[in-house]
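Quick note: numbers below take in every heavy atom, side chains included, and nothing from hydrogens, waters or symmetry partners. All ligand and atom numbering here is 1-based and tracks the order in the structure. Nothing fancy with the numbering, it's 1 onward along the sequence.
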Amino acid sequence: MAPRKIIIDTDPGQDDAVAILLALASPEDVDVLGITAVAGNVPLELTAKNARIVCELAGKTDVPVFAGCDRPLGRDLVTAEHVHGKTGLDGPSLSDPQMPLQEQHAVDFIIETVRAHDTGTITLCPLGPLTNVATAFQRAPDIVEKVQQIVLMGGAYFEVGNITPTAEFNIYVDPEAADIVFKSDVDIVVMPLDVTHKALVTKPRNDAFRALGTPVGVAVAEMTDFFERFDKEKYGSAGAPLHDPCVTAYLIRPDLFTGRHVNVEVETSSDLTMGMTVADWWRVTGRPANAMFMGDVDADGFFGLLTERLARL
Ligand code: RIB
Ligand code: CA
């Protein structure tokens with residue numbers, strides 16, 4: 001089967017970096033048409049720089065990287081240096097990128113790419129706040145029905161929030177954008193904290209990355225060593241949760257994940273629960289299902305796939 005054509009929309013972020021590496025290591029499964037940076041974990045200038053650093057780490061400097069929106073649709077930007085460090089890629093020491101940033105705005109790239117391909121052939125993979133995707137949908141409503149699928153990391157139900165008591169970071173940063181995406185009627189697959197908190201980089205798994213002995217393997221081990229502090233301290237986790245790589249792993253091995261097709265709506269009014277994803281997991285509202293909301297992952301299968309693919313770079 002031909003590889004899926006995808007656009008990765010991202011706010012690197014160590015876990016974004018691993019997700020991008022997994023995609024770039026899997027050309028038989030995914031064809032990365034471009035990487036679009038959005039403000040999120042760190043400001044846009046850094047996410048656009050970090051996306052290029054990751055492409056160079058993978059030796060894939062032919063993948064075009066675009067800068068997108070530098071702030072959410074309707075509120076001030078909230079960043080997460082407390083999790084990812086001030087560079088957004090703290091952990092390994094990686095050189096500044098040599099590859100250029102594309103001139104074109106990321107939103108225009110998303111619109112142009114979807115318009116230029118047949119309906120149902122482009123998958124959008126948002127790994128950060130949904131500002132770029134929502135802006136593209138607002139600016140070019142004609143592309144919405146052309147998108148094959150959106151596979152995104154964001155939200156939470158049983159796990160509730162990681163940035164507030166009720167909201168997951170990607171959705172919390174731009175709840176209005178998330179509301180637009182979840183109401184778009186596009187076929188959506190969601191990787192919420194409910195599943196990503198089960199994809200933990202335990203020490204044996206981190207050791208397996210390091211044992212690859214390659215610049216990629218060592219960098220991923222160092223990134224996850226740094227990135228795990230927040231979750232270990234807050235949740236007592238056994239390691240860093242690899243949130244965003246669940247998105248690219250799903251594209252390669254969807255059988256690793258299980259979930260339910262349910263209604264998901266986003267809180268955009270209450271300050272108390274702003275950005276909460278209200279997933280009707282028990283189907284009590286009668287509201288139409290609009291998302292495949294994942295709840296579980298075969299963690300050993302996930303890490304086996306990830307380690308095997310990273311070894312290729
Ligand atoms: O809440 C986790 C998400 O927020 C991940 O995508 C991480 O990279 C941050 O963007
Ligand atoms: Ca991210």
Exercise. Under 30°, 30 to 60°, or over 60°: which ring-plane class applies to H84 and F227, parallel, tilted or perpendicular?
Worked result: parallel

Problem set entry | D142 with K146: basic N within carboxylate O range, under 4.0 Å | no

For this session: Check whether more than 12 heavy atoms from other residues, nucleotides or ligands sit under 6.0 Å from atom CD of E233, and answer yes or no.
Result: no

Exercise. Should the pair H197 and H243 be assigned to parallel (<30°), tilted (30 to 60°) or perpendicular (>60°) ring geometry?
Worked result: tilted

For this session: Hey, could you give me each pair passing side-chain hydrogen bond (donor to acceptor under 3.5 Å, both in side chains) that has a residue in residues 298-307? Not counting sequence neighbours.
Result: R205-D300

Exercise. Within the distance-only criterion (no hydrogens, no angle test), does the side chain of E159 pair as donor or acceptor with the backbone N or O of P192 below 3.5 angstrom?
Worked result: no

Problem set entry | Full working for side-chain hydrogen bond (donor to acceptor under 3.5 Å, both in side chains) between T87 and D90 | CA-CA 6 Å; T87 71; D90 282 27; 2.5 Å; yes

Problem set entry | Metal environment of the Ca ion (ligand 2), protein N/O/S under 3.0 Å | D11 OD1, D16 OD1, D16 OD2, L127 O, D244 OD2

Exercise. Hey, which residues fall under 4.0 Å of ligand 1 on heavy atoms?
Worked result: D11, D15, D16, N41, H84, L127, M153, N162, E168, F169, N170, H243, D244

For residues 120-132, which side-chain donor-acceptor pairs fall under 3.5 Å, sequence neighbours excluded?
unit_1	atom_1	unit_2	atom_2	d
T121	OG1	D118	O	2.5
T123	OG1	R4	NE	3.3
T123	OG1	R4	NH2	2.8
T123	OG1	Q148	OE1	3.2
T131	OG1	D174	OD2	2.7
N132	OD1	C69	N	2.7
N132	ND2	D9	OD1	2.8
N132	ND2	A37	O	3.0

Exercise. Would you find more than 12 non-hydrogen atoms of other residues, nucleotides or ligands less than 6.0 Å from E45 atom CD?
Worked result: no

